[in-house]
There are 2 protein chains.
Amino acid sequence: MKYSSSKENYIKAIFHLQQDEDVVSTNALAKALSTRPASVTDMLKKLKSQKLLQYQPYKGVKLTAEGNVIALQIIRKHRLWEYFLVEKLGFGWEEVHEIAEELEHISSKKLIDRLDIFLGNPKTDPHGDPIPDSQGRMPLIRQICLLELPENIQADVISVSNQSTAMLELLRHNHIAIGTRLEVRRRFAFDHSLEIRMPSQPFFTISEQLAANIYVAFEADSK
Amino acid sequence: MKYSSSKENYIKAIFHLQQDEDVVSTNALAKALSTRPASVTDMLKKLKSQKLLQYQPYKGVKLTAEGNVIALQIIRKHRLWEYFLVEKLGFGWEEVHEIAEELEHISSKKLIDRLDIFLGNPKTDPHGDPIPDSQGRMPLIRQICLLELPENIQADVISVSNQSTAMLELLRHNHIAIGTRLEVRRRFAFDHSLEIRMPSQPFFTISEQLAANIYVAFEADSK
DNA sequence: ATATGTATTTAGGTAAATCTAAAAAATTAA
DNA sequence: TTAATTTTTTAGATTTACCTAAATACATAT
Ligand SMILES: [Mn+2]
Ligand SMILES: [Mn+2]
Ligand SMILES: [Mn+2]
Ligand SMILES: [Mn+2]
């Protein structure tokens with residue numbers, strides 16, 4: 001079945017909001033979609049009648065198995081297109097989201113599966129988010145900025161976005177390099193600095209600025 | 001300004017119909033767009049108020065200069081995407097039109113200009129139709145038999161006149177297909193065979209018989 | 001010039017996706 | 001537990017892009 005861009009955007013937004021709380025509110029959805037709660041209620045009724053979600057008035061909303069499948073297909077398209085834009089067309093990772101927001105609604109399944117092959121079956125998009133495979137399975141590895149790494153989870157440094165000698169000097173001083181395994185012990189509210197733990201080394205802290213330029217991969221818990 | 005997919009489809013259809021007759025009828029448009037004459041009349045009024053076309057009831061319709069610019073932008077996108085689908089994703093030339101019908105409505109100008117560069121600024125789509133450049137200029141395309149292609153001029157294969165499996169086998173062996181870019185390096189007087197150059201491939205020669213069945217398009221020197 | 005046929009427009013509706021304003025339900029605070 | 005606040009739904013419009021049926025304009029043939 002084929003759904004309108006608008007419906008697809010709703011499904012996707014619900015999917016993402018469900019990662020945090022397992023039941024999604026009308027207001028949260030309205031905010032995520034930059035629309036009005038009344039419009040959301042209207043749409044939820046339509047999506048419910050198509051069995052894409054469970055919805056009882058005032059009780060919030062949850063995707064059905066079918067809805068989940070659709071969401072993953074859209075996310076797959078979004079992230080593959082983002083990868084294409086960055087890796088093949090040379091866009092910066094920060095400018096691709098908006099364009100992918102449109103491209104994700106192109107319907108051909110054959111197109112997206114061939115694009116996947118053409119790109120070499122990438123596992124993550126330019127932001128480090130995992131790309132579902134053609135069966136809708138999310139790979140386990142997550143690549144994110146060190147700033148967003150959950151505390152007490154081991155991760156490997158995979159890239160640094162700033163290559164200035166000043167930054168590289170600081171990295172070397174802290175014995176951080178591509179491939180280094182580390183974890184964030186805690187964050188300090190005052191200056192958002194991070195305490196880092198590395199195997200067989202004393203803990204040390206790094207600044208928010210430094211962490212913002214470090215990207216890591218870690219094994220996501222398959223909750 | 002940005003227009004709906006529906007409006008873009010109207011503009012494009014009018015542009016194409018104008019190639020035959022310089023004023024386009026309501027019925028012709030209805031047929032081209034698989035819609036009803038009454039719907040066409042409605043839309044023509046909207047497009048007129050946006051100054052994209054000249055329209056007087058019962059008198060037919062004609063694009064304004066502004067409308068023409070829009071049409072050429074859409075056609076550019078359509079044909080570049082078709083080229084991408086065939087050359088990069090390995091689609092057959094007969095299956096790409098429908099997908100391009102959707103992709104042509106993706107709005108980012110930067111995307112299409114980068115796609116153009118990524119594809120090597122092709123001059124014709126997989127069907128041999130010319131691709132407007134980013135200023136909306138249609139290249140002047142000369143279509144001739146490969147036998148007559150001047151030496152050292154890049155050309156795109158647009159059709160093959162003999163569809164026998166024997167011939168197609170030989171074409172495939174030489175990596176020649178519709179849309180392939182090539183040029184003739186030299187001709188040998190003895191058997192009139194041609195030495196062919198293709199991007200990132202060693203030179204090779206083909207027989208006069210084979211060349212006689214290949215038709216190519218190349219950019220004629222303008223001005 | 002009148003009649004006939006075709007092309008086109010008008011009139012009146014529908015469905016999708018939005019909106020605002022108001023009502024109702026649920027939650028939180030006193 | 002009642003009142004206040006927030007969340008959500010309902011009611012009623014709007015816009016876009018369609019539709020059918022009917023009216024009108026144009027073209028042509030007698
Ligand atoms: Mn994105
Ligand atoms: Mn989107
Ligand atoms: Mn189209
Ligand atoms: Mn084409």
Side-chain angles (χ1 to χ4, degrees), chain A residues 1-14 17-18 20-63 67 70-71 74 101-102 104-107, chain B residues 1-14 17-18 20-63 67 70-71 74 101-102 104-107:
Chain A
M1 204 154 299
K2 220 176 98 189
Y3 303 98
S4 66
S5 293
S6 188
K7 280 180 180 167
E8 291 190 345
N9 286 338
Y10 271 85
I11 302 283
K12 186 166 63 108
I14 295 166
L17 289 168
Q18 260 181 231
D20 301 320
E21 312 206 28
D22 84 337
V23 83
V24 177
S25 75
T26 300
N27 266 8
L29 215 35
K31 188 180 243 182
L33 293 165
S34 305
T35 185
R36 299 306 187 147
S39 309
V40 172
T41 302
D42 282 354
M43 184 61 96
L44 292 182
K45 289 187 211 162
K46 291 176 205 161
L47 294 174
K48 186 193 180 180
S49 80
Q50 283 173 101
K51 302 201 198 307
L52 297 176
L53 46 80
Q54 294 174 275
Y55 163 67
Q56 294 305 329
Y58 300 101
K59 299 289 197 119
V61 75
K62 208 175 192 174
L63 291 180
I70 307 294
I74 303 160
E101 205 53 54
E102 275 183 71
E104 71 188 357
H105 304 293
I106 300 295
S107 58
Chain B
M1 202 155 297
K2 221 175 97 189
Y3 303 98
S4 68
S5 293
S6 189
K7 280 179 179 168
E8 291 190 344
N9 286 336
Y10 271 85
I11 302 284
K12 185 165 63 109
I14 294 165
L17 290 168
Q18 261 185 194
D20 300 321
E21 315 204 28
D22 84 337
V23 82
V24 177
S25 75
T26 301
N27 266 8
L29 258 178
K31 189 180 242 181
L33 293 164
S34 305
T35 185
R36 297 307 187 148
S39 309
V40 172
T41 302
D42 282 353
M43 184 61 95
L44 293 183
K45 288 187 212 163
K46 291 177 205 160
L47 293 174
K48 185 193 179 180
S49 81
Q50 284 174 101
K51 304 201 197 306
L52 297 177
L53 46 80
Q54 293 175 275
Y55 164 65
Q56 293 305 328
Y58 299 102
K59 300 287 196 120
V61 74
K62 207 175 191 175
L63 292 179
I70 307 295
I74 303 160
E101 205 52 54
E102 277 183 68
E104 70 189 357
H105 304 293
I106 300 295
S107 57

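Throughout, protein chains are lettered first and strands after them, A, B, ... in sequence-line order, and every chain is numbered starting at 1. Bear in mind that the values here come from a model prediction, so they are computed numbers and not experimental data.
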Check your understanding: Among all residues two or more places apart in sequence or in another chain, which pass the side chain to side chain donor-acceptor pair (under 3.5 Å) test with B/Ser107?
Key ->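 In terms of side chain to side chain donor-acceptor pair (under 3.5 Å), with neighbours along the sequence ignored, B/Ser107 is linked to A/Glu102.
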
**Study point:** Residue list, side chain to side chain donor-acceptor pair (under 3.5 Å) with B/Glu101, at least two apart or on another chain
**Key:**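 With neighbours one apart ignored, the set is B/Lys12, B/His97.
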
Could you list all N or O pairs between the protein and nucleotides 27-29 of chain D that sit under 3.5 Å apart?
none

Exercise for review: State which residues pass side-chain contact (heavy atoms from CB on, under 4.5 Å) with B/Ser5; sequence neighbours excluded, sorted by chain then number.
Suggested key: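 side-chain contact (heavy atoms from CB on, under 4.5 Å) list for B/Ser5, sorted by chain: B/His105.
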
Report the distance from atom [atom1] of [X] to atom [atom2] of [Y], rounding to the nearest 0.5 Å.
X       : Y       : atom1 : atom2 : result
B/Lys51 : B/Met1  : NZ    : CE    : 11.0 Å
B/Ile70 : B/Lys7  : CD1   : NZ    : 11.5 Å
B/Met43 : B/Leu53 : CE    : CG    : 10.5 Å

Closest non-hydrogen atom pair, [X] against [Y]:
X       : Y       : result
A/Val23 : A/Gly60 : CG2-C, 4.0 Å
A/Ala13 : A/Leu33 : CB-CD2, 3.9 Å
A/Ala30 : A/Pro37 : CB-N, 3.7 Å

Distance in angstrom units between [X] [atom1] and [N] [atom2], rounded:
X       : N      : atom1 : atom2 : answer
B/Gln56 : D/dT24 : CD    : C1'   : 17 Å
B/Tyr55 : C/dA7  : OH    : C1'   : 11 Å
A/Glu21 : D/dT7  : CD    : P     : 13 Å

Point to revise | Side-chain N or O of A/Thr35 closer than 4.0 Å to phosphate OP1/OP2 of C/dA17 | key: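 So the side-chain polar atoms of A/Thr35 never come under 4.0 Å of the phosphate oxygens OP1 or OP2 of C/dA17.
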
Practice item. Return each pair, listed once, that meets side-chain hydrogen bond (donor to acceptor under 3.5 Å, both in side chains) where at least one residue sits in residues 28-49 of chain A; pairs must be two or more places apart or across chains. Key: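 Residue pairs passing side-chain hydrogen bond (donor to acceptor under 3.5 Å, both in side chains), neighbours aside: none found.
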
Point to revise | With A/Lys62 via salt bridge (Lys or Arg N to Asp or Glu O under 4.0 Å) - residues at least two apart | key: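 Residues passing salt bridge (Lys or Arg N to Asp or Glu O under 4.0 Å) with A/Lys62: A/Asp22.
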
Side chain to side chain, [X] and [Y], heavy atoms closer than 4.5 Å:
X       : Y       : answer
A/Leu29 : A/Leu44 : yes
A/Ile11 : A/Tyr3  : no
B/Leu47 : B/Val61 : no

Exercise for review: Ignoring hydrogens and angles, tell me if any N or O in the side chain of B/Gln18 forms a donor-acceptor pair with the backbone of B/Leu63 under 3.5 Å.
Suggested key: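 Answer holds: yes.
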
N/O-N/O pairs, protein side and nucleotides 20-26 of chain C side, under 3.5 Å:
{"unit_1": "C/dT20", "atom_1": "OP2", "unit_2": "A/Arg36", "atom_2": "NE", "d": "3.2"}
{"unit_1": "C/dA25", "atom_1": "O4'", "unit_2": "A/Tyr58", "atom_2": "OH", "d": "3.3"}

Revision key, fill the gap. Its contact letters, B for base, S for sugar-phosphate only and - for none at protein heavy atoms under 4.0 Å, make nucleotides 1-6 of chain D read ------

**Study point:** Interface residues of residues 2-11 of chain A with DNA chain C (non-hydrogen, below 4.0 angstrom)
**Key:**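 A/Ser4, A/Ser6, A/Lys7, A/Tyr10, in order of number.
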
Point to revise | Residues within residues 40-49 of chain A bordering DNA chain D, heavy-atom distance below 4.0 Å | key: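 The answer is A/Thr41, A/Lys45.
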
